[in-house]
Amino acid sequence: MSDNGPGSLLAQPLQRPSAGRVAAHAGLFLLGALVGFAGTLVQAAWFPGGLLLALVGAAGLFLGGSYATGGRGGAVAPVAGWIIAVVLLTTSRPEGDFLFSAGGGSYLFLLGGMVLAVICATLGPGRHPGGAPARLGK
């Protein structure tokens with residue numbers, strides 16, 4: 001039995017996010033950039049333990065943001081900050097300075113972080129309409 005009538009939550013128009021939700025996502029974005037920058041430094045300094053620490057920290061932030069905001073957007077905001085920070089740090093400067101070496105650890109950090117981002121955004125709780133739980137087939 002489908003409840004997609006005029007009073008259903010699925011039929012209601014989208015509302016603007018609250019100021020608290022916008023602030024939470026902006027904070028998660030900045031925290032994602034900070035974790036990406038810190039992970040860049042840690043993964044090269046203490047290989048292989050630093051690589052694992054950087055990836056676990058990123059995964060914790062991505063999944064924690066999802067649970068903290070109660071939706072998958074809470075995982076996407078820190079992922080966006082992480083990716084932007086890491087991509088900006090991969091470019092070399094005219095002086096020849098760069099933070100990523102051409103070693104396997106750097107590639108594992110980049111690809112592993114992106115894989116973790118997809119996994120955490122997928123596993124995070126989606127937003128569900130409120131109401132009593134229903135059982136199918138009843």
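Side chains included, hydrogens not; waters and symmetry mates left out as well; all remaining heavy atoms used.
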Looking at [X] and [Y], what are the two nearest heavy atoms and their distance?
X	Y	answer
Leu110	Trp82	O-CH2, 3.9 Å
Ala59	Leu116	CB-CD1, 4.0 Å
Ala121	Ala75	CA-CB, 3.9 Å
Leu61	Gly32	CD2-CA, 3.5 Å

Okay, side chain of Ser66, backbone of Gly71: is any donor-acceptor separation there less than 3.5 Å?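 Yes; at least one donor-acceptor contact below 3.5 Å.
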ILVMFWY cluster, [X] and [Y] together (side-chain gap under 4.5 Å):
X	Y	answer
Phe29	Met114	no
Val87	Phe62	yes
Leu88	Leu30	yes
Leu52	Val35	no

Which distance, rounded to the nearest 0.5 Å, do you find between the CG of Leu89 and the CD1 of Ile84?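 Between atom CG of Leu89 and atom CD1 of Ile84 there are 12.0 Å.
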Residues that Ala33 engages under side chain to side chain contact (heavy atoms under 4.5 Å, CB included), provided they are two or more places apart: Ala85
Mind checking side chain to side chain contact (heavy atoms under 4.5 Å, CB included) for Leu51 and listing every partner two or more places apart, or none if nothing turns up?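 Here the qualifying residues are Gln43, Phe47, Leu55, Leu108, Phe109.
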Could you give me the CA-CA distance, side-chain angles and deciding distance for Leu28 and Thr69, then say whether side-chain contact (heavy atoms from CB on, under 4.5 Å) is met? CA-CA 10 Å; Leu28 286 169; Thr69 60; 3.9 Å; yes
